[in-house]
Amino acid sequence: MPDLIDGSENVSVHGILNWILLLSIFSVITMVANYLGYDHPMQDSLIGMAILSLITLIGVWMERELPFDVSSIIYISIMGIIIAFPGMPTSEFVLYYVSRVELLSIVTVFLAYVGIGMGKSWDEFKALGWKAVVITVLVIASTYYGAAIVAHIVLVLTGVPAA
C-alpha cells in the first residue's frame with residue numbers, strides 16, 4: 001500500500017488527491033471530536049476545518065512549486081495571518097469558523113495519526129533504542145515548559161494577573 005503523502009518534491013494529481021483525502025478524513029474526525037467534546041455545531045467545525053485544510057493544501061503546493069527554499073509551514077502561517085488579519089474582508093468569516101475548531105481536538109487526531117504511522121515502523125523505532133525515547137521526552141517537556149514560560153511572560157506584560 002503506497003503512503004498517503006508522497007515525500008517527493010513534485011506535485012502530481014495523485015499527490016494532491018492523497019492530500020485532499022487525508023485532510024478530509026482528518027477534518028471529519030476533528031469535527032466529530034469538536035461536537036462530542038466541546039458542543040460546537042458540526043457544520044461550523046467542518047467549515048473551520050475546511051478553511052484550515054485549504055490553507056494547508058495551498059501551503060504544501062507553494063512549497064513544492066515556488067522557486068524559494070521555504071518550508072510549507074511558513075507559507076501556511078503567512079496565509080493564515082493574512083486572511084485573519086483585522087481589516088481583511090475574510091477576517092470575520094475565518095475567525096468565526098476557525099475559532100469553532102478546538103486545538104485539543106486537532107492535536108488528538110494528529111497524535112492518533114502519528115501513532116498509527118509509528119505502529120507501521122515500530123521496528124525502526126525500536127532500532128533507535130532507549131536514547132531516542134529519552135531525547136523525545138526531553139524535547140516534548142522542553143517545548144511545553146518553554147511555551148508556558150513565554151505565555152506567562154506575555155500575560156504579565158499585557159497586565160493579566162498571574163494565577
Side-chain angles (χ1 to χ4, degrees), residues 1-11 15 18-38 40 45 48-66 68-85 94-95 98-163:
M1 178 178 191
D3 290 333
L4 279 181
I5 299 175
D6 181 8
S8 72
E9 293 299 317
N10 299 324
V11 176
N18 284 339
W19 269 97
I20 291 171
L21 174 65
L22 180 67
L23 289 169
S24 298
I25 293 168
F26 196 88
S27 295
V28 168
I29 295 171
T30 302
M31 173 196 65
V32 171
N34 275 309
Y35 177 72
L36 295 176
Y38 301 98
H40 290 303
S45 295
M49 283 304 297
I51 293 167
L52 294 173
S53 296
L54 183 62
I55 293 169
T56 301
L57 191 62
I58 293 169
V60 169
W61 175 82
M62 289 173 75
E63 175 189 27
R64 286 169 172 76
E65 291 298 314
L66 295 180
F68 312 110
D69 188 23
V70 177
S71 173
S72 62
I73 193 69
I74 303 296
Y75 291 121
I76 292 166
S77 299
I78 291 171
M79 275 189 294
I81 290 168
I82 290 171
I83 66 171
F85 197 77
V94 169
L95 290 176
V98 172
S99 70
R100 301 300 182 258
V101 179
E102 296 291 331
L103 178 63
L104 192 55
S105 62
I106 293 175
V107 170
T108 303
V109 176
F110 177 73
L111 290 176
Y113 178 75
V114 169
I116 291 168
M118 285 200 49
K120 287 174 48 179
S121 60
W122 190 248
D123 292 331
E124 293 175 24
F125 182 72
K126 287 191 304 186
L128 295 174
W130 66 271
K131 292 178 184 176
V133 173
V134 171
I135 291 171
T136 301
V137 169
L138 289 174
V139 167
I140 291 170
S142 300
T143 303
Y144 173 78
Y145 286 119
I149 290 168
V150 169
H152 180 74
I153 291 170
V154 169
L155 288 173
V156 169
L157 291 175
T158 57
V160 177

Quiz item: For Phe85, does the CZ atom sit with more than 12 other heavy atoms under 6.0 Å from it, leaving out its own atoms?
Solution: no
Quiz item: Looking at residues at least two apart in the chain, or sitting in another chain, which of them share a side chain to side chain contact (heavy atoms under 4.5 Å, CB included) with Ser71?
Solution: Ile73, Ile74
Quiz item: Taking only residues two or more places apart in sequence, or in another chain, which ones meet Ile135 in a side chain to side chain contact (heavy atoms under 4.5 Å, CB included)?
Solution: Val139
Quiz item: Roughly how far, to the nearest 0.5 Å, is CD1 of Ile58 from CD of Glu63?
Solution: 14.5 Å
Result block: side-chain N/O donor-acceptor pairs under 3.5 angstrom for residues 25-36, not counting sequence neighbours:
unit_1	atom_1	unit_2	atom_2	d
Ser27	OG	Leu23	O	2.7
Ser27	OG	Ser53	OG	3.0
Thr30	OG1	Phe26	O	2.8
Asn34	OD1	Glu102	N	2.9
Asn34	OD1	Ser105	OG	3.2
Asn34	ND2	Thr30	O	3.2
Asn34	ND2	Ser105	OG	3.4

Quiz item: What's the spacing between Tyr75 OH and Trp61 CH2 if we round to 0.5 Å?
Solution: 10.0 Å
Quiz item: Any side-chain heavy-atom pair from His40 and Val101 closer than 4.5 angstrom?
Solution: no
Quiz prompt | Spacing of OG belonging to Ser77 relative to CD1 belonging to Ile55, to within rounding of 0.5 Å | solution = 9.5 Å
Self-check item: Separation of Thr56 OG1 from Trp19 CH2 (nearest 0.5 Å)
Solution: 7.5 Å
Quiz item: Considering residues at least two apart in sequence or located in another chain, which fulfil the side chain to side chain contact (heavy atoms under 4.5 Å, CB included) criterion with Val94?
Solution: Ile51, Ile83, Ala84, Thr90, Val98
Quiz prompt | Residues forming a side chain to side chain contact (heavy atoms under 4.5 Å, CB included) with Tyr145, sequence neighbours excluded | solution = Ala141
